[in-house]
Amino acid sequence: MELQPAVKKETGNVALGTGIGVLIMFVIFFVLHMVLPKDLPFGYSVPFDYKVILGGIGGFIVAVVNFLWMAITVQKVTSMEDEKLARQVMGASYRNRILMHILWGILAFVLPVFNAAAGIVPLIIPSWYIKLRGIFSAGKGG
């Protein structure tokens with residue numbers, strides 16, 4: 001099965017938007033790291049180290065792979081004639097993509113090379129990006 005041009009284009013758009021969102025997240029981590037005192041109550045502080053960068057990169061990869069997987073599934077399902085089978089394929093894809101998110105979340109929390117927050121935040125960026133893009137393009141007629 002060859003990827004449709006629309007799938008390639010939208011995956012590229014989501015990757016770009018997610019990448020920009022991750023860079024903004026890095027800036028926020030850095031600014032909070034610089035302005036907040038290191039001795040916050042309960043031993044909290046905002047780090048900015050390689051763990052934040054690795055968490056953001058890992059989260060970015062999972063988020064973009066999730067979108068691509070969904071787009072490929074939709075492309076596959078739209079060519080199916082059996083509606084029941086199409087629903088099953090879409091449901092299986094959804095469950096597996098959620099499982100991928102859960103597994104990544106567990107790894108981001110458990111493995112000491114990742115900052116958990118920096119690993120999880122990128123998973124919600126594609127949704128925000130798609131919604132914001134829809135809002136800003138609504139007035140343009142497309």
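Quantities reported herein were computed from a predicted structural model and do not represent experimental measurements.
Applying the side-chain contact (heavy atoms from CB on, under 4.5 Å) test between Leu16 and each of Val14, Thr18, Ile20 identifies Ile20 as the sole match.
Leu123 approaches Pro126 most closely through the heavy-atom pair O-CD, 3.7 Å. The two residues Ile120 and Gly105 come nearest to each other via the heavy atoms CD1-CA, 3.5 Å. Between Val52 and Pro47, the shortest heavy-atom distance links the atoms CG2-O, 3.7 Å. Nearest approach of Pro122 to Met25, heavy atoms of both residues: CD-SD, 4.1 Å.
Residue Leu99 belongs to a hydrophobic cluster whose other members are Leu103, with links defined by side-chain heavy atoms closer than 4.5 Å. Under the 4.5 angstrom side-chain criterion for Ile, Leu, Val, Met, Phe, Trp and Tyr, the cluster partners of Ile98 are Tyr94, Ile102, Ile106, Val110.
Distance check: Lys9 NZ to Thr11 OG1 gives 12.0 Å after rounding to the nearest 0.5 Å. In this structure, CE in Met70 is found 7.0 Å from CE in Met90, a value given to the nearest 0.5 Å.
Ser93 contributes no side-chain N or O that, together with a main-chain N or O of Val89, makes up a donor-acceptor pair within less than 3.5 Å. Of the possible polar contacts, none joining the Trp104 side chain to the Ile61 backbone as a donor-acceptor pair under 3.5 Å is found. In terms of modelled atom types and a separation under 3.5 Å, the side chain of Thr78 and the main chain of Gln75 share a donor-acceptor contact.
Aromatic ring centres of Phe48 and Phe30 lie closer together than 6.0 Å.
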